[in-house]
Protein chains: 2
Amino acid sequence: MNTRRPTILDVARAAGVSKSTVSLVVRGSPTVKEDTAKQVREAMAATGYVYNRAAANLRKSSVGLIGLVINDLRNPFFTEFATSVQMALSAQGYATVISNSDEDGALQAQMVSSMIEHGVSAFIISPAYGQEAETFDQIARAGIPCLQVLRQVDPRGDLFPFATFDFARGGLLATQHLIEQGARNIAFVGGLEDRAVTTERMSGYLEALIGTGVQPTSFHGRATRAFGAEIAEKISRETPEIDAAVCFNDQVALGLLSGFARLGRRVGEDFRIVGFDDIEECNQVWPRLSSVDCDIAQFGRDAAAALLDWVETGQRPPALRRAPVSLAARETSLGIDPEGTSS
Amino acid sequence: MNTRRPTILDVARAAGVSKSTVSLVVRGSPTVKEDTAKQVREAMAATGYVYNRAAANLRKSSVGLIGLVINDLRNPFFTEFATSVQMALSAQGYATVISNSDEDGALQAQMVSSMIEHGVSAFIISPAYGQEAETFDQIARAGIPCLQVLRQVDPRGDLFPFATFDFARGGLLATQHLIEQGARNIAFVGGLEDRAVTTERMSGYLEALIGTGVQPTSFHGRATRAFGAEIAEKISRETPEIDAAVCFNDQVALGLLSGFARLGRRVGEDFRIVGFDDIEECNQVWPRLSSVDCDIAQFGRDAAAALLDWVETGQRPPALRRAPVSLAARETSLGIDPEGTSS
DNA sequence: TTATGGAATAGGAACGTTCCATTATCATGT
DNA sequence: ACATGATAATGGAACGTTCCTATTCCATAA
């Protein structure tokens, strides 16, 4: 089973040319005559040659590999993001290594270290909390470009450029919309307290509430469906006067939605919900979930482009970029239009 | 920015030992004296040394990298699978490269080729349809162990071992259960026609129907939420006598669920649904989705273990393994228990 | 003192590519 | 016939490890 793999040299012998020529053919250089190239290609097929990237990388400086580290791959928001980044990078001839830290800082540090050893040219990282220093110092020491997205946790804060969404404005839009829809008692649900990702969204929420007489309330916790469902119950039991919620993300909102469905409270009529991220599923539940639309696919493409610019031309992206957001209002906040059920 | 990275040789110089000794320390060999090892480690820290895996791989035969190719990473079923495999492999010191072919055979072939070049030691692949020959011939030519999971599409059919679930039995259990619950007109929903993944599930469904007088009906299409929702509408409009459905997977079932919610049909009472896979979300919607439980986490661990056995001891896994399934009955098939809303 | 042998360390070759500096080839103009 | 210059092809060094075969060191026994 383990006969030695043919190398560029075996191909060269078979084709009756030098190894340099084979190398040129492999890389599609235009300087080799078409006749020769064809012979070489035939020899490659005949010998069953496979390109050895490790050997090539040893000589070259760049590897064409980008590391993508995600903190929660079970959240569709991140899957959509990862998919979009991978597509954009592969269109430019880069391979993507996706890794899921699953909110485990130690695991993340270990994955980053392994990727550095494998010679990735750059990182896009939506970091987990914990072991920040270990994760980012490694990258900085190795001098590898790195784009931090969605969460800024690098210990010095200014080590790597950061791309995110305008979460504050999202919170503002969502809350204003709920007020316009007649909600009088709006809660903010989900997200761990004191994390920037949470406080930013909340700042918009709080701003919208100023002068309206509405009292802010918030329920903090992990951004999961389970937490959303739990809060639906808690609200029904303890603070039934709350009639609307701005959620940390769509996961929480969907949890809230099914929690209320279970309790028989009619979302869209008795209770209004706006989620955050606008994942595909928002359109696939009923009532459809209103959400702060983040155009995650575009965000992914932009991130990939900015990173490649950095890698290839040395053009470091701006330290901070906030992508705009908009509001996608659907049944959970507008109510259910008896006419409109056919679209 | 681009000063040459220190090598093992620089470390050796700094520590006053030979490069061989440094290499041994890097790999944690017990033959080097503790004093020396400590000096070397200090020198490594001082010089900012990072291990160059490409160079090591050039010399070693194995790389400790496993390729995981998934056909639809947006489906939570596969995300759960990928996460489980990655955990199991990383516990054994292997790194995992996850790639999403997104049901694109050409893309898949390209990803596989890139992974082979990067020197992965083995593959786990849940293949996309299309370009089967290209994908699998490459792997076979390179002599790399490969475990095919969930879908068997390799052109010769017996090229690589195949691990899957006992889908037929799942279809049988689901259908029998619906009959016991009093359903009289059970449809099979989702999955592309004439694909083994579909016909296997359907064979169980058809078997359960024998002698019951229930007429089989099926609606085929992509296994997405959108398709499920579409079929909910179609059933309501064209064949309202259908009172239950066995679904290709949970995505379809969840689509059906929200489709019916939208149309005001009460699932669990007027209409009974059983999904397939038992993803986490089954417990997080309301009514909770009954599903054929596949214990995907265990499946992932088993796949990882079988593959590593193959890689390390040459012990090729059995050509076919069907993991057992069971039924997780919940509200969408049992109906809503007015007492049981508190668990 | 001198063999002896095991533990610790050292040095050179090898891995399969790319890059660079050369050399061979060949049509063209004088 | 010869120089010219572009085009095509070549050979050797280099990349940073690991592996294998020495060599050195040192405690112990003769």
Side-chain angles (χ1 to χ4, degrees), chain A residues 2-41 43-44 47-65 114 116-121 142-143, chain B residues 2-41 43-44 47-65 114 116-121 142-143:
Chain A
N2 254 334
T3 168
R4 196 179 58 82
R5 281 204 194 165
T7 77
I8 211 176
L9 219 72
D10 298 310
V11 176
R13 252 190 302 271
V17 297
S18 79
K19 62 180 170 38
S20 307
T21 306
V22 177
S23 175
L24 290 171
V25 171
V26 167
R27 287 173 291 158
S29 159
T31 69
V32 38
K33 227 189 335 193
E34 184 45 38
D35 291 358
T36 324
K38 206 175 115 226
Q39 280 188 348
V40 170
R41 273 191 288 269
M44 283 179 16
T47 52
Y49 170 74
V50 321
Y51 183 67
N52 183 333
R53 219 170 263 275
N57 292 345
L58 187 55
R59 198 61 176 66
K60 288 196 299 191
S61 43
S62 164
V63 180
L65 239 195
S114 154
I116 293 177
E117 290 176 0
H118 278 287
V120 297
S121 316
Chain B
N2 255 334
T3 169
R4 196 179 57 83
R5 281 204 195 165
T7 79
I8 213 176
L9 220 72
D10 298 311
V11 176
R13 251 189 303 272
V17 298
S18 79
K19 63 181 170 36
S20 306
T21 305
V22 176
S23 176
L24 291 171
V25 171
V26 166
R27 286 174 292 159
S29 160
T31 68
V32 38
K33 228 188 334 190
E34 183 46 36
D35 289 0
T36 325
K38 209 176 113 222
Q39 279 188 349
V40 169
R41 274 191 286 270
M44 282 176 23
T47 52
Y49 170 74
V50 319
Y51 183 67
N52 183 334
R53 216 170 265 274
N57 291 344
L58 186 54
R59 200 59 182 43
K60 288 196 301 193
S61 44
S62 164
V63 180
L65 241 192
S114 154
I116 292 177
E117 290 175 1
H118 279 286
V120 297
S121 316

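The figures that follow rest on heavy atoms only: side chains count, while hydrogens, waters and symmetry mates do not. The sequence lines fix the lettering, A, B, ..., with proteins before strands; numbering per chain opens at 1.
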Is B:Asp35 paired with B:Lys38 through a side-chain N to carboxylate O contact shorter than 4.0 Å?
no

Specify the separation, in whole Å, of atom [atom1] of [X] and atom [atom2] of [N].
{"X": "B:Arg13", "N": "C:dA10", "atom1": "CZ", "atom2": "C1'", "answer": "15 Å"}
{"X": "B:Leu9", "N": "C:dG12", "atom1": "CG", "atom2": "P", "answer": "12 Å"}
{"X": "A:Lys19", "N": "C:dA21", "atom1": "NZ", "atom2": "P", "answer": "15 Å"}
{"X": "A:Leu24", "N": "C:dC19", "atom1": "CG", "atom2": "P", "answer": "10 Å"}
{"X": "A:Lys33", "N": "C:dA24", "atom1": "NZ", "atom2": "P", "answer": "17 Å"}
{"X": "B:Ile8", "N": "C:dT9", "atom1": "CD1", "atom2": "P", "answer": "15 Å"}

Over all atoms of both residues, closest heavy-atom pair of [X] and [Y]:
{"X": "A:Ala37", "Y": "A:Val25", "result": "CA-CG2, 4.0 Å"}
{"X": "A:Arg5", "Y": "A:Val50", "result": "NH1-CG2, 3.1 Å"}
{"X": "B:Ala54", "Y": "A:Asn57", "result": "CB-CB, 4.2 Å"}
{"X": "A:Leu65", "Y": "A:His118", "result": "CD1-O, 4.3 Å"}
{"X": "B:Ala55", "Y": "A:Leu58", "result": "CB-CD1, 3.4 Å"}

Under 3.5 Å side-chain donor-acceptor pair for B:Thr21 and B:Ser18
yes

So how far off straight is the helix from C:dT1-D:dA30 to C:dT30-D:dA1, going by the axes through five pairs at either end, to 10°?
50°

Does A:Arg53 reach a base, just sugar-phosphate, or nothing at all? Heavy atoms under 4.0 Å.
nothing

Using a heavy-atom cut-off of 4.0 Å across all strands, would you classify A:Ser23 as base, sugar-phosphate, or nothing?
base

Please tell me which of B:Val17 and A:Val26 maps to the more 5' nucleotide of DNA chain C, matching each residue to the nucleotide holding its nearest heavy atom.
B:Val17

Contacts of B:Pro30 and B:Leu58 projected onto DNA chain C by closest heavy atom; the upstream (5') one is B:Pro30

OP1 or OP2 of C:dT9 under 4.0 Å from side-chain N/O of B:Ser20
no

Flag the pair A:Lys19 / A:Thr7 as yes when at least one side-chain heavy-atom distance between them is below 4.5 Å, and no otherwise.
no

Donor-acceptor pair under 3.5 Å: do we get one between B:Ser18's side chain and the base of C:dG11?
no

With heavy atoms of chain A within less than 4.0 Å as the criterion, where does contact along DNA chain D begin and end?
D:dA8 to D:dG16

So A:Val26 and A:Tyr49, side-chain contact (heavy atoms from CB on, under 4.5 Å) or not? Walk me through it.
CA-CA 11 Å; A:Val26 167; A:Tyr49 170 74; 4.2 Å; yes

